[in-house]
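So the structure is just underneath, and the comments pick up after that.
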Amino acid sequence: REEIKGASLVANPGCYPTGAVLALWPLLKEGLLDTEKYPLIIDSKSGVSGTGRHLSYGTSFVEVTEGFKAYKVGSHRHTPEIAQELSRASGREVDVTFTPHLLPVSRGILTTAYAGLKKPLPTAEVRDIYAAHYGKEPFVRVMPEGEFPNINQVRLSNYCDMGVWADESSGRVIVISAIDNLVKGASGQAVQNLNVMAGLDETTSLLTPPASI
């Protein structure tokens, strides 16, 4: 935020990186993940509006409805951005495996991130780490233990909701995040950055969503 305050130009994060980076940042920042033994795997599903406003055969209603598929496997343009920011969190270079999927809905991204802890921790303790890290963030909501987000609960909002689960026997951890790709993943996040740049309250115009879109 301090860097953004003095900036005249800010690069807004992409929608997939927003959901993925917010999901894994706290554990990487705290140095709790073993990225050598457990590679970072990120599985994201996006509504069709994530491809933009252009018309195409593959994103037409009759092609998308009743279907569900992966696309740009191993070659999505947001993969380097995700790896770049997660490496920043870790303090060293980390590799990620990112696979996007197309949901037959208009908007929203649900991201499921898989990782491994250096030492096993109970879910409650992992959740506490997230609650402490994001406790003062106005647009990140960590769900109660045992609960996980749905894209319909963040629709038309600038929120990122997330839930966590940890396997105390194996040390594996799963983090699930949900955002609206057109708001938190695009225009809303841009307004949030603009508010910081302009010295306004960060939540200005972002707490009450429009009645319908």
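Small disclaimer: the values here were computed from a predicted structure and weren't measured. The basis for the numbers below is simple: all heavy atoms, side chains too, and nothing from hydrogens, waters or symmetry mates.
A side-chain N or O of Asn158 and one of Gln192 form a donor-acceptor pair less than 3.5 Å apart. Asn193 and Asn12 share a donor-acceptor pair across their side chains, judged by distance under 3.5 Å alone.
Put simply, the side chain of Ile42 reaches to within 4.5 Å of the side chain of Ile82, judged on heavy atoms. You'll find the side chain of Lys45 stays beyond 4.5 Å of the side chain of Ile109, heavy atoms only.
Here the CG-NZ distance, from Leu102 to Lys72, works out to 11.5 Å after rounding to the nearest 0.5 Å. Once rounded to the nearest 0.5 Å, the distance linking CD1 of Ile179 with OH of Tyr16 reads 9.5 Å.
In terms of modelled atom types and a separation under 3.5 Å, the side chain of Thr18 and the main chain of Gly185 share no donor-acceptor contact. Judged by distance alone, the side chain of Asp43 and the main-chain N or O of Thr112 form no donor-acceptor pair under 3.5 Å. Of the possible donor and acceptor atoms, none in the side chain of Thr204 sits under 3.5 Å from a partner among the backbone N and O of Leu200. Side-chain atoms of Ser87 come within 3.5 Å of backbone N or O of Val94 as a donor-acceptor pair. Side chain of Gln153 to backbone of Asn150: a donor-acceptor contact under 3.5 angstrom is found. Listed for the Lys118 side chain is a donor-acceptor partner under 3.5 Å among the backbone atoms of Gly31. Checked by atom type and distance alone, the side chain of Tyr114 never pairs as donor or acceptor with a backbone atom of Tyr38 at under 3.5 Å. At distances below 3.5 Å, not a single donor-acceptor pair connects side-chain atoms of Ser90 with backbone N or O atoms of Leu28. A donor-acceptor pair is defined here as one N or O able to donate and one able to accept, closer than 3.5 Å; such a pair exists between the side chain of Thr123 and the backbone of Ala166.
Scanning all heavy atoms of the two residues, the minimum distance from Gly14 to His78 falls at CA-CE1, 3.5 Å. When all heavy atoms of Pro13 and Glu81 are compared, the closest pair comes out as CA-OE2, 3.5 Å. The nearest pair of heavy atoms linking Leu110 to Pro149 is CD1-O, 3.7 Å. Taking both residues in full, the closest heavy atoms of Tyr130 and Met162 are given as CD2-SD, 3.5 Å, listed atom of the first, atom of the second, then distance. Considering all non-hydrogen atoms of both residues, Arg1 and Pro138 come closest at NH2-CD, 4.4 Å. When all heavy atoms of Ala20 and Thr111 are compared, the closest pair comes out as CA-CG2, 4.1 Å.
Hydrophobic clustering (ILVMFWY, side-chain heavy atoms < 4.5 Å, transitive): Leu22 and Trp25 are in one cluster. A chain of hydrophobic side-chain contacts below 4.5 Å, direct or via other Ile, Leu, Val, Met, Phe, Trp or Tyr residues, connects Val191 to Val154. Using a 4.5 Å cut-off between side-chain heavy atoms of Ile, Leu, Val, Met, Phe, Trp and Tyr, with links allowed through other members, Tyr134 and Ile129 fall into the same hydrophobic cluster. Connection of Ile41 to Val164 is not established within any shared hydrophobic cluster, with ILVMFWY side chains joined at heavy-atom distances below 4.5 Å, either directly or through further cluster members. Transitive grouping of hydrophobic side chains (ILVMFWY, heavy atoms separated by less than 4.5 Å) brings Ile176 and Leu103 into a common cluster.
Salt bridge status for Glu36 with Arg92: present, with a side-chain N to carboxylate O gap under 4.0 Å. Salt bridge absent: Lys119 and Glu125 never bring a charged side-chain N and a carboxylate O closer than 4.0 Å. Here Arg107 pairs with Asp180 in a salt bridge; the nearest charged N to carboxylate O distance falls below 4.0 Å.
For Glu93, the CD atom sits in a loose shell: 12 or fewer heavy atoms of surrounding residues, nucleotides or ligands are nearer than 6.0 Å.
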Checklist entry - After noting the C-alpha distance and the side-chain angles of Thr79 and Val96, does the key distance pass the side chain to side chain contact (heavy atoms under 4.5 Å, CB included) rule? => result CA-CA 8 Å; Thr79 305; Val96 300; 4.1 Å; yes

Item to check | Check against salt bridge (charged side-chain N to carboxylate O under 4.0 Å, His left out), Asp167 and Arg172 | outcome: CA-CA 5 Å; Asp167 185 342; Arg172 294 186 181 275; over 6 Å; no

Checklist entry - Hey, mind stepping through Tyr71 and His101 against ring pair (Phe, Tyr, Trp, His ring centres under 6.0 Å) and telling me if it holds? => result CA-CA 6 Å; Tyr71 68 99; His101 299 74; 8.0 Å; no

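The ring pair (Phe, Tyr, Trp, His ring centres under 6.0 Å) contacts involving residues 154-178 comprise Phe139-Tyr159, where partners must be two or more places apart or lie in separate chains.
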